[in-house]
2 protein chains.
Amino acid sequence: MDYGNGGDHRQGRVLLVGGTHGNERNGLWLLDQWRQHPGQLHRHGLAIELVVGNPAAAHANRRYQERDLNRSFRPELLDDPDASQYELRRARELLARHGPGGNEPCLVAIDLHSTTAAMGNSLVLYNRQPASLALAAALQRHLGLPIYLHESDLHQSGYLAACWPASLVIEVGPVAQGLVCGAICQQSQIAVETALEALSQAREGAIPLGSELVVHRHLRSIDLPRHDDGSPAGLVHPGLQDRDWRPLRAGDPLFLAMDGTVTAFTPEQGEESEHCWPVFINEAAYGEKGIALSLTRREVLPVAAAWAASLTALAKRLKQDLS
Amino acid sequence: MDYGNGGDHRQGRVLLVGGTHGNERNGLWLLDQWRQHPGQLHRHGLAIELVVGNPAAAHANRRYQERDLNRSFRPELLDDPDASQYELRRARELLARHGPGGNEPCLVAIDLHSTTAAMGNSLVLYNRQPASLALAAALQRHLGLPIYLHESDLHQSGYLAACWPASLVIEVGPVAQGLVCGAICQQSQIAVETALEALSQAREGAIPLGSELVVHRHLRSIDLPRHDDGSPAGLVHPGLQDRDWRPLRAGDPLFLAMDGTVTAFTPEQGEESEHCWPVFINEAAYGEKGIALSLTRREVLPVAAAWAASLTALAKRLKQDLS
């Protein structure tokens, strides 16, 4: 199957996904709310497709059924006719229907996530697509949101959002799995509406982006200390908990072992010169992935004219809904 | 089977239970820690039985398998030979082994729980057993912990702790299900060790309790507004979230409906004269029980001499472990 972009001439909608992880309930709540009360979402004149990412997992209030949907958008898996896990079938279905080359194409994907980590209202990018950078820059300019540029991670790939020519993950926390929390919904909605406003402005050819984009670029992830049998031998140090987006210095505590031993942060080669910035500290779902936190480097990117141009070209093909 | 107290002459241990709910990982973490590193728990000379409440659910990282273990300790269920759900079998097993009349009897039960609600470090009592009140009074005197006296609830019963002649539930939050959080573990451990110290003092006949015990007595629970099909039509109002243990006044916001309507708190008859105090606001596991929060009344009980006498008599039968 061809999951390509369908050429650069077709019109399409904005794909707004919640429940890519079925136990992240705040995005699901918002989808329900916007379906039942369309007036509750300021669409800025854009045609929007509201989609539950993983309906079976959402029904079961689980992250996933057979495998993580948000690690399933990998070409070698999607193209393998013998790979038939529920989430792979769902990924193919989403692309066939709403992919940029799909039957009901969408050109921009906004994927709503929540986390048990104290990430606040934040954005995740998986690559440096110019249109996605432009969209992120617009949100950072308006709302000041921090951005985790989760690129070049050899251990984690296959993200839903990365399959669309422009995309954003809106990641809000801390909130427990399975829980709907008003403030988390509100923060998510503010980010969504600001993104829609930016797309609408881009459609008019008038998107103001500022001159710089601050990103936190992925360096590596760190696992808990573990026993020989794989079970955790320590926990995230209480002094590190909830310190997402704050600088981590050599010698700062990372983990507290069962026997009371403290593991301190030791920069690897190339990490000494500047601070590292941790994100996704103690996300409940990442234990099975061997991730207790991820380290990033804070970088300031100059906003390129090509970003706005790319987003504008894309946004001009966005369908309008002026109902 | 007789689950009685086994008379008032037998010696017994202190039962320390974690994982009565299998996705409340902090108690499970502490049990592991204390098994692997016994020196990490200050036992105050008492013989302690460390027990995972619901091993199958803990293995699956779920609250329960077939029914909530902590609503399964009801005589009519335990005595019903046709009732064979996993948690009922486990409840019978726990009582047969570690009940006050069991093979390896325990006289005091301390049950470690965590919650997604912002309960802080707190205690739950299910009745007014004098020995339990004495133990709670000792913890409140030392640590200032608030106490939810969850008695006389027609809709919720069958709690593990209530089967022992003295018991405490240590309830700490907020923390996500499935997550081990250092600060939650530390708070739980402080409460456990203070309880063990109090039992040790009672054993010596010298437990200081103060003159008053402040409890928050259960009045009723309130469910979210719901659609006809049972699905939630609103969420806990952001202004109420995390305000456990703080007074709720008539007119304060309770819920925010999908259409934006705010439901305000309306006291029922008998509730007008004083403030109500909410607890367990937005506990993730209580959605299925139809509980968005519970209301309590703050009451000050004079400490009765009989409380300390009861706890002392019980504590004198506690086995020592002076290893």
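Every chain is numbered from 1, with letters handed out A, B, ... down the list of sequences. Quick note: numbers below take in every heavy atom, side chains included, and nothing from hydrogens, waters or symmetry partners.
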Report summary line: Output for pair (Ile170(B) CD1, Leu139(B) CG), nearest 0.5 Å, gives 6.5 Å

Requested in this report: Please report the C-alpha distance between His21(B) and Asn23(B) in whole Å, then the side-chain angles of each, then the deciding distance to 0.1 Å, and finally whether the side chain to side chain donor-acceptor pair (under 3.5 Å) criterion is met.
Outcome: CA-CA 6 Å; His21(B) 295 130; Asn23(B) 57 3; 6.0 Å; no

Query raised in the report: Which of these passes side-chain hydrogen bond (donor to acceptor under 3.5 Å, both in side chains) with Ser72(B): Glu87(B), Arg67(B), Glu66(B)?
Result: Arg67(B)

**Report entry** Largest heavy-atom contact set with chain A, pairs under 4.5 Å, which of Cys185(B), Pro232(B), Ser231(B), Ala257(B)
**Finding:** Pro232(B)

Query raised in the report: So, does Asn121(B) use its side chain to make a donor-acceptor pair with the main chain of Glu171(B) at under 3.5 Å?
Result: no

Query raised in the report: Heavy atoms under 4.5 Å from chain B: which residues of residues 279-293 of chain A carry them?
Result: Asn282(A), Glu283(A), Ala284(A)

Query - Neighbours of chain A found in residues 233-240 of chain B - heavy atoms under 4.5 Å - result: Ala233(B), Gly234(B), Leu235(B), Val236(B), Pro238(B)

Query - Contacts with chain A made by residues 47-58 of chain B (heavy-atom distance under 4.5 Å), listed by residue number - result: none

Report task. Please flag which part of Trp29(B) lies under 4.5 Å from any non-hydrogen atom of chain A: side chain, backbone, both or neither. Result -> both

**Report entry** Gln36(B), part contacting chain A, at a heavy-atom distance under 4.5 Å
**Finding:** side chain

Report summary line: salt bridge (charged side-chain N to carboxylate O under 4.0 Å, His left out) pairs touching residues 241-255 of chain A, sequence neighbours excluded, are none

Query - Neighbour count >12 (heavy atoms, 6.0 Å) for atom NE2, His59(A) - result: no

Query raised in the report: How about Asp229(B): does its CG atom have over 12 heavy atoms from other parts shown lying under 6.0 Å from it?
Result: yes

Query - Euclidean distance, Leu28(A) CG relative to Gln33(A) CD, rounded to 0.5 Å - result: 12.5 Å

Query raised in the report: So, Glu197(B) versus His44(B): side-chain donor-acceptor pair below 3.5 Å or not?
Result: no

Query raised in the report: Between Thr296(B) and Trp277(B), is there a donor-acceptor pair closer than 3.5 Å when you use the side chain of the first and the backbone of the second?
Result: yes

Report task. Could you verify whether a donor N or O on one side chain and an acceptor N or O on the other, from Gln177(B) and Arg63(B), lie under 3.5 Å apart? Result -> no

Query raised in the report: Side chain of Arg25(B), backbone of Gly22(B): donor and acceptor closer than 3.5 Å?
Result: yes

Query raised in the report: Does His227(A) NE2 have over 12 foreign heavy atoms under 6.0 Å away?
Result: yes

Query raised in the report: Does the pair Asn26(B) and Leu112(B) meet the rule for a side chain to side chain contact (heavy atoms under 4.5 Å, CB included), with working shown?
Result: CA-CA 8 Å; Asn26(B) 296 277; Leu112(B) 302 179; over 6 Å; no

